K.L.:
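Here you go, one structure.
Please read all numbers here as calculations on a predicted model, not as lab measurements.
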Amino acid sequence: MTSTTNLSTGLTAGHREQLMRMAREVSFDAGTRLFEEGRRADRFWIVRTGTVALDLRVPGRRPAVVESLGHGELVGWSWHIPPHVWHLGAEAVSPVRAYEFDAEAVRAMCVRDPEFGRAIADWVGRVVAHRLHASRVRLLDLYAPYGSGSRV
């Protein structure tokens with residue numbers, strides 16, 4: 001994957017190593033909810049294997065899946081931006097193995113090492129921009145009347 005939202009291309013090797021020193025290996029069965037929109041964001045994950053679906057609550061309907069994440073991708077960005085509340089929900093679509101990170105510990109490292117902090121902020125910012133675009137496109141696909149979107 002060549003996306004800048006992927007860990008391998010989103011951070012330099014040195015910053016990846018620094019971050020990975022804080023990782024804890026976890027696994028989730030298919031159907032496990034990793035987090036719910038509106039709840040406290042106190043951790044995040046990087047997918048090793050499997051697929052995680054990000055979803056958005058839609059009143060009167062089932063949650064809309066806005067993106068699927070796989071190997072090397074960041075699951076969760078709300079931990080980095082106050083008030084640290086999830087903006088989406090997430091569910092394991094298949095069995096998932098991931099690296100889990102304690103958000104408070106990573107934020108503290110960002111403060112102690114400003115260069116690392118800037119790299120993390122830049123990476124998370126690119127992830128936020130990508131997810132916003134993906135959410136917009138998906139919601140237009142699902143709910144907009146035919147022809148209401150413009151192609152640019």
K.L.:
Give a yes or no answer on whether the side chain of Arg57 reaches the backbone of Glu37 with a donor-acceptor pair at less than 3.5 Å.
P.N.:
yes
K.L.:
Nearest 0.5 angstrom please: Leu19 CG to His15 NE2, how far?
P.N.:
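Rounded to the nearest 0.5 Å, the CG-NE2 separation comes out at 10.5 Å.
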K.L.:
Quick check: is Val93 connected to Val26 through a chain of hydrophobic side chains (ILVMFWY, heavy atoms under 4.5 Å apart)?
P.N.:
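No: no chain of side-chain contacts under 4.5 Å links Val26 to Val93.
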K.L.:
With a 6.0 Å cut-off (strictly less than), is the heavy-atom count around NE2 of His84, excluding the residue itself, greater than 12?
P.N.:
yes
K.L.:
For the pair Ser94 (side chain) and Thr51 (backbone), establish whether a donor and an acceptor sit closer than 3.5 Å, ignoring hydrogens and angles.
P.N.:
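A pair under 3.5 Å: yes.
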K.L.:
Specify the closest pair of heavy atoms between Phe35 and Gly76, including all atoms of both residues, with the distance to one decimal.
P.N.:
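Smallest interatomic distance, heavy atoms only, reads CZ-CA, 4.3 Å.
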K.L.:
Can you measure from CG (Leu88) to CG (Leu132) and round to the nearest 0.5 angstrom?
P.N.:
10.0 Å
K.L.:
Which word best sums up how the rings of Trp86 and Trp45 line up, parallel for under 30°, tilted for 30 to 60°, or perpendicular for over 60°?
P.N.:
parallel
K.L.:
Is it true that a side-chain atom of His71 and a backbone atom of Arg48 form a donor plus acceptor pair closer than 3.5 Å?
P.N.:
yes
K.L.:
Going by heavy atoms in the side chains, are Val96 and Leu34 under 4.5 Å from each other?
P.N.:
no
K.L.:
Mind checking the OG-CZ spacing from Ser78 to Arg43? Nearest 0.5 Å is all I need.
P.N.:
14.0 Å
K.L.:
Taking all non-hydrogen atoms of both residues, which atom of Ala41 and which atom of Ala103 are closest, and how far apart?
P.N.:
O-CB, 4.4 Å
K.L.:
Are the side chains of Phe44 and Val106 in contact, using a 4.5 Å heavy-atom criterion?
P.N.:
yes
K.L.:
Kindly determine whether Val75 and Ile46 satisfy side chain to side chain contact (heavy atoms under 4.5 Å, CB included), including the steps that lead there.
P.N.:
CA-CA 6 Å; Val75 179; Ile46 296 171; over 6 Å; no
K.L.:
Mark yes or no for whether His87, through its side chain, and Val85, through its backbone, hold a donor-acceptor pair below 3.5 Å.
P.N.:
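Present.
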K.L.:
Quick check: do Phe101 and Met20 have side-chain heavy atoms less than 4.5 Å from each other?
P.N.:
yes
K.L.:
Report yes if the side chains of His80 and Val128 come closer than 4.5 Å at any heavy-atom pair, otherwise no.
P.N.:
no
K.L.:
For atom CZ of Arg40, is the number of surrounding heavy atoms from other residues, nucleotides or ligands below 6.0 Å larger than 12?
P.N.:
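No - once you tally the heavy atoms of other residues, nucleotides and ligands closer than 6.0 Å, there are 12 at most.
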K.L.:
Between Glu73 (side chain) and Gly70 (backbone), is there a donor-acceptor pair under 3.5 Å?
P.N.:
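Between the backbone of Gly70 and the side chain of Glu73 there is a qualifying donor-acceptor contact (under 3.5 Å).
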K.L.:
Under a 4.5 Å cut-off applied to non-hydrogen side-chain atoms, are Asp55 and Arg33 in contact?
P.N.:
yes
K.L.:
Taking the side chain as everything from C-beta on, heavy atoms only, tell me whether Pro95 gets closer than 4.5 Å to Phe28.
P.N.:
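No; the side chains remain at least 4.5 Å from each other.
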K.L.:
Would you find a donor on one side and an acceptor on the other, under 3.5 Å apart, between the side chain of Glu100 and the backbone of Ala23?
P.N.:
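Such a contact is absent between Glu100 side chain and Ala23 backbone.
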K.L.:
Could you walk me through whether Ile120 and Leu11 pass the side chain to side chain contact (heavy atoms under 4.5 Å, CB included) test, one step at a time?
P.N.:
CA-CA 8 Å; Ile120 293 293; Leu11 293 174; 4.0 Å; yes
K.L.:
Using a 3.5 Å distance criterion without hydrogens, assess whether the side chain of Asp29 forms a donor-acceptor pair with backbone atoms of Thr32.
P.N.:
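No; zero donor-acceptor contacts below 3.5 Å.
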K.L.:
Looking only at non-hydrogen atoms, find the nearest pair between Pro114 and Val111 and report the distance.
P.N.:
CD-O, 4.1 Å
K.L.:
So which atom in Gly10 and which in Arg126 form the shortest heavy-atom distance, rounded to 0.1 Å?
P.N.:
O-NH2, 2.8 Å
K.L.:
Run Leu54 and Val65 through side chain to side chain contact (heavy atoms under 4.5 Å, CB included) and show every step you take.
P.N.:
CA-CA 6 Å; Leu54 297 178; Val65 173; over 6 Å; no
K.L.:
Do the charged groups of Arg107 and Asp42 touch, with an N to O distance under 4.0 Å?
P.N.:
no
K.L.:
Rounded to the nearest 0.5 Å, how far does OG of Ser68 lie from CD of Glu91?
P.N.:
11.0 Å
